[in-house]
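Here's the structure we're looking at; comments come further down.
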Amino acid sequence: MSSRQSLNSWKKLEILAEEKQSQHMNDLFANDSQRFDKFSIELPKLLLDYSKNLIDSDVMTALFALADECEVTQWRKKMFAGDKINKTEDRAVLHTALRRSDTTPLWVDGENISESVASQLTKMEDFVNRVRQGHWLGYSGKRITDIVNIGVGGSNLGPQMVTEALKHYSDNSVNVHYVSNVDGAQIVEILRPLDPEKVLFIVSSKTFTTTETMTNAKTAINWLTASSFDDKSVAKHFVAVTANKENAMSFGIEADNIFDMWDWVGGRFSLWSAIGLAIALDLGFDKFKDLLAGANEMDQHFADAPIEQNMPAIMALLSVWNTTFLGAKSQAILPYDQTLHMLAAYLQQAEMESNGKSVSWDGDEINYATVPSIWGELGINGQHAFYQLIHQGTDIIPCEFMIAAQGHEPDLAHHHRLLVANCLAQSEALMRGRTKAEALSLLAESGFAMEELERQAEHRVFPGNRPSVTLIYPQLTPYVLGQIIALYEHRVFVEGVILGINSFDQWGVELGKELAKSLEPMVDGSKGCDGKDGSTASLIAFVLEQRH
Ligand code: F6P
């Protein structure tokens, strides 16, 4: 038994989970007119309703006791103070320092990182203004019209998700594109319509060793120099964001064109640094700062609010309750906001690369469920695709609904009303369900009778009692988006603490990377497949045969 499972609160929650399985949320609502007030939390510009979960005051008390026994507040303090809580990499975890309003010194390994952050923000602002105002010119003297960000994982998902989410706030001074896939089909399609004389590339890579990013960056350099016939043009068209300045310089990036990243920022938490340069180029620096300010507001709340009134902590505890204690295997992210179409992909990395682990921070095997599979889709599109399973499938899938009170198209307010109505209808339907008696009476009204009535009714029954949370905000502004992303970042952290996991390393991605390196010469036929298993060797043989 792990140390977590021997906690009193853990044992209590196991008992409560047994008990609650036989309760229905409809009864919990019917018996408590204050339920919404008890199980919702409002912050400036954000309302989280978590009343549609299989919880009551006993469950919440036990969950708060679990947070207490797991020392969440102590860990929170350590994170904000820059303690090296990422033990396997011996690193501090300070993405919050990237958006601090407070300028008091914060020391990591003898460096005042407040100063380093401020100096990079100044460098970013200057660069962003020069590009957007047409003072940064390409090799032939033309102004930059297109930005291509080359990066993958945390060096792509955050910036691209935010760029998409805030497209209403772009003034189109430049067009921003993202290349993440090493499949040449992506970079070819993106570069095809562009004019090399007017393109600026950002090579975003914390390590500057990621093969896919390096390969795409090389292809981009070749594309540029095939037009300029001059290697010096690289200085006018390439900047890099990295914690590995040496590698970036040996790759051919000018020292002045390199923006700093630091090892105390995890890739998947890095969009607030110069990794977010493409966002700032698209929106302008003031709006980028609004994004940081929104995140900083959430940081303040997370740092100061007691756990019982702490939005990220409550979301984390609910996730653990639904997954670890009630047995949910996945969780659906369902934004009813077109521009959040990349949110689920972004949160897949945030949640699953952070907490998709089965070894505790002490190196012990974990024998309870940790993070569920995260997946999702825009609400309305999902309704006409997979919601069938969410409502009537055999698995219980906790859902996270998100919606703005107001959209960005004032002339289409009736569209937005429909969107809101659908979003709210789904969480209501998931919770209340439809009984057999209700199904029978509806069918009887529409003319069914006898055996056919009975047979058809079974298919129209909805069990209900399916958990969801709903997050509502006035409008998806840069500030609000900053709040929402930071909310999820802190939720990931609290989940990790409760589950006894180091959320900030990602060793699980390494083996595949190593094997891909060793397979490459086999795939190009320059090395035999000796030592490979029969399956892998035969797949390679088939590829080689087809290619010839
Ligand atoms: O392979 C996983 C990963 O290391 C992520 O954690 C990271 O965000 C991504 O690769 C990209 O890494 P880098 O920014 O160093 O290129």
Side-chain angles (χ1 to χ4, degrees), residues 85-95 98 120 148-163 178-183 186-187 201-221 238-253 258-279 342-357 371 374 485 488-489 492-493 496 501-520:
I85 59 170
N86 175 358
K87 297 267 184 232
T88 57
E89 295 179 312
D90 194 29
R91 290 176 182 170
V93 174
L94 273 171
H95 43 279
L98 300 168
Q120 286 306 299
V148 178
N149 187 89
I150 299 178
V152 71
S155 300
N156 162 259
L157 284 166
Q160 190 172 4
M161 182 275 283
V162 171
T163 301
Y178 288 88
V179 172
S180 56
N181 200 337
V182 78
D183 183 341
Q186 189 186 28
I187 193 163
F201 291 94
I202 306 171
V203 186
S204 283
S205 177
K206 180 177 167 183
T207 55
F208 231 80
T209 57
T210 305
T211 313
E212 299 92 315
T213 299
M214 298 301 110
T215 305
N216 279 323
K218 248 295 160 269
T219 298
I221 288 185
F238 277 79
V239 300
V241 186
T242 186
N244 189 344
K245 207 165 180 168
E246 253 178 37
N247 268 24
M249 285 168 63
S250 11
F251 191 81
I253 312 283
I258 299 175
F259 293 83
D260 292 341
M261 248 283 265
W262 304 273
D263 70 5
W264 41 265
V265 183
R268 52 192 173 274
F269 303 94
S270 66
L271 70 90
W272 324 97
S273 69
I275 292 285
L277 200 53
I279 305 171
M342 280 191 64
L343 185 70
Y346 168 79
L347 290 178
Q348 283 179 331
Q349 188 194 19
E351 288 273 2
M352 298 201 278
E353 198 173 72
S354 299
N355 291 334
K357 294 166 187 167
V371 75
I374 304 286
I485 300 170
Y488 275 94
E489 286 181 345
V492 164
F493 166 68
I501 282 174
N502 175 8
S503 305
F504 301 103
D505 60 13
Q506 55 285 318
W507 298 109
V509 300
E510 292 304 321
L511 179 57
K513 284 187 195 174
E514 284 161 28
L515 292 176
K517 275 211 177 85
S518 75
L519 277 168
E520 211 197 320

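As the structure lists them, so they are numbered: ligands from 1, and atoms in each ligand from 1.
The closest donor-acceptor contact from the side chain of Tyr178 to the backbone of Pro159 lies under 3.5 Å. A donor-acceptor pair under 3.5 Å is absent between the side-chain atoms of Ser270 and the main chain of Ile275, judged by distance alone.
For the pair Lys245 and Phe208, the cation-pi test (distance below 6.0 Å, angle within 45°) is failed.
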Derivation and outcome, salt bridge (Lys or Arg N to Asp or Glu O under 4.0 Å), residues Asp505 and Lys357
CA-CA 10 Å; Asp505 60 13; Lys357 294 166 187 167; 2.8 Å; yes
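Close approach of ligand 1 to Lys206 is summarised as follows: ligand atoms under 4.0 Å from at least one heavy atom of the residue are 13 (P), 14 (O), 15 (O). Near Thr207, meaning under 4.0 Å from one of its heavy atoms, ligand 1 places the atoms 13 (P), 15 (O), 16 (O). Near Val509, meaning under 4.0 Å from any of its heavy atoms, are these atoms of ligand 1: 1 (O), 2 (C).
Checking Glu351, Gln506, Gln348, Gln349 one by one against Arg268, the side-chain hydrogen bond (donor to acceptor under 3.5 Å, both in side chains) holds for a single residue, Gln506.
Assignment of Gln349 to the shell around ligand 1 is supported, since a heavy atom sits closer than 4.0 Å.
Considering only non-hydrogen protein atoms, atom 12 (O) of ligand 1 sits nearest to Thr210 OG1, 3.5 Å. Protein heavy atom nearest atom 6 (O) of ligand 1, with residue, atom name and distance: Glu353 OE1, 2.8 Å. Of the protein's non-hydrogen atoms, Ser155 OG, 2.7 Å is the one closest to atom 14 (O) of ligand 1. Closest to atom 11 (C) of ligand 1 among all protein heavy atoms lies Val152 O, 3.2 Å. The nearest protein atom to atom 8 (O) of ligand 1, hydrogens excluded, is given as Gly154 N, 2.7 Å; this is a heavy-atom distance. For atom 10 (O) of ligand 1, the closest non-hydrogen atom on the protein side is Lys513 NZ, 4.2 Å.
At a cut-off of 3.5 Å, with distance as the only test, a side-chain donor of Asn502 or Thr88 sits close to an acceptor on the other residue. A donor-acceptor contact closer than 3.5 angstrom links the side chains of Glu489 and Trp272.
When heavy-atom distances to ligand 1 are checked against a 4.0 Å cut-off, Gln506 comes that close only through its side chain, counted from C-beta outward.
At a 3.5 angstrom cut-off on N or O pairs, Ser205 counts as close to ligand 1.
Residues satisfying the salt bridge (Lys or Arg N to Asp or Glu O under 4.0 Å) criterion with Glu510, sequence neighbours excluded, are Lys513.
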